[in-house]
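A quick write-up on the structure given underneath.
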Number of protein chains: 2
Amino acid sequence: MNKQEQIQATALRLFVADGFHGTPTAKIAAEAGVANGTLFYHYKTKEDLVVALYNRIKDEHADNLQAIISRDDFITTKFKNIFIHSVNWALNNRDKFYYIQQFNSSPHLAQVSAETLEQHTIGYAGFIAEGVKKKLLKQQPVGLIIAIFNGHVYGLYQYLTSAKFEPEEQEKIINEAYEMLWDTMKYM
Amino acid sequence: MNKQEQIQATALRLFVADGFHGTPTAKIAAEAGVANGTLFYHYKTKEDLVVALYNRIKDEHADNLQAIISRDDFITTKFKNIFIHSVNWALNNRDKFYYIQQFNSSPHLAQVSAETLEQHTIGYAGFIAEGVKKKLLKQQPVGLIIAIFNGHVYGLYQYLTSAKFEPEEQEKIINEAYEMLWDTMKYM
DNA sequence: ATATTTATAGACTAATTAGTCTATAACCAA
DNA sequence: TTGGTTATAGACTAATTAGTCTATAAATAT
């Protein structure tokens, strides 16, 4: 892990624990085991670091999804796989998932261009449009379907992290939540 | 509007625009038209103000919902009314809705006791449990139903605020999103 | 080998800011 | 009225912190 990655990993941990505000750059540098000057050599400003971290996590998640989308499955199978994968990714990367929410609910979001944000959903849109066209999904705007899909993932995540569940129990809940989502989305 | 309310109203506006971090207490006081000392007289610390504002907004929303829940309607009617009201409240109080997300995605949340948080959903739980028992709603844990409900509201809000919609168009979308939610929630 | 660019270090500073302190003023109770 | 409590004001400070600056070291190119 190079210095840039060390800095980002430490920043993620501290931002999630103490917030953007509660995390001085000096602390990030110290805990990452680099000097203050090194941090500012790689990231022009603190804001730069905050945004770079966001973009890296988003890219990582988008790449995961893209891998699923490109698989040669039925649209309905893709749909399910993406849901299951999204929930599991969130559960297995809580810091990253939390950081995304934190960033999305902060003025930092304005620093990210609309194009960059769109880039991150670009994989989605195509196959959902196809699902709508083929009348596998409800006849609703793609944007609405994606938004409600994400809302469902978010809601389920909140529930699963509100208490401790055994792995099998958790898997069962995820599958049931998927059936509920499918009731929302399926054409008839 | 007394000084406390002035301070909270100004704090809400500034926190939403610039974040907790980006908003000095001195600026809040100045724009609220009160002296620095007055702010700290009413709120022991900045954190105090942040939390008090959160609790007030949550209470306000919970009271709204309680009014709907207490009405002598069928459970299914209540369910719909609560959804429609929640979405409209969010749309008509964007600052407040955004502030709640911002706070929920910040370390400040840890300052709010579990009981206080539960207090805010207490109205919900009863009639949803009833709906489950009477087999009007899916046979799932109340917590899961509430979480997915909130996720649906959140997703729809995201969609509706992602672009400009005419009032009638917006109302139509809300109703269609409600039908989608109902497909998720209804027993059969 | 030498020159140039890139990466790292850490001391330093200028600015910001949460919260304090002291002084009044408004209100209220006896 | 008088005495106490509550509310308001605004100057002040001690601490914090983002970012700079200078000096090297490592890597890369010529």
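Just so it is clear, the model here is predicted, and its values are computed rather than measured. Chain naming here is simple, since letters A, B, ... match the order of the sequence lines and numbering starts at 1 in each.
- Between A/H42 and C/dT6, a side-chain N or O to OP1/OP2 separation shorter than 4.0 Å is absent.
- Atom C1' of nucleotide D/dT8 and atom CD of B/Q6 are separated by 12 Å, given to the nearest angstrom.
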*Let me have a per-nucleotide readout for nucleotides 16-21 of chain D, 5' to 3', with B, S or -, counting only protein heavy atoms under 4.0 Å.*
-SBBB-
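- Within the structure, every side-chain polar atom (N or O) of A/T38 is placed at least 4.0 Å from both OP1 and OP2 of C/dA7.
- Under 3.5 Å, the side chains of A/Y54 and A/N104 contain a donor-acceptor pair of N or O atoms.
- Using bins of under 30°, 30° to 60° and over 60° for the plane-to-plane angle, the ring pair A/F20/A/Y99 lands in the perpendicular bin.
- Between A/H21 and B/H21, the ring planes lie parallel to each other; the angle is under 30°, not in the 30° to 60° tilted range.
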_side-chain contact (heavy atoms from CB on, under 4.5 Å), that's the test. Do B/V50 and B/Q111 meet it? Break it down for me._
CA-CA 10 Å; B/V50 168; B/Q111 299 309 311; over 6 Å; no
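- In this structure, A/H108 and A/F103 have parallel ring planes: the angle between them is below the 30° cut-off, well short of the 60° mark.
- Paired with A/F79 under the rule ring pair (Phe, Tyr, Trp, His ring centres under 6.0 Å), one option of A/Y187, A/Y124, A/F74, A/F149 passes, and it is A/F149.
- Per the geometry, CD1 belonging to B/I7 stands 12 Å off C1' belonging to D/dA9, to the nearest Å.
- Regarding contacts with the backbone of C/dA7, a side-chain N or O of A/Y41 is found under 4.0 angstrom from either OP1 or OP2.
- Between A/N2 atom CG and C/dA7 atom P there is a gap of 10 Å when expressed in whole angstrom units.
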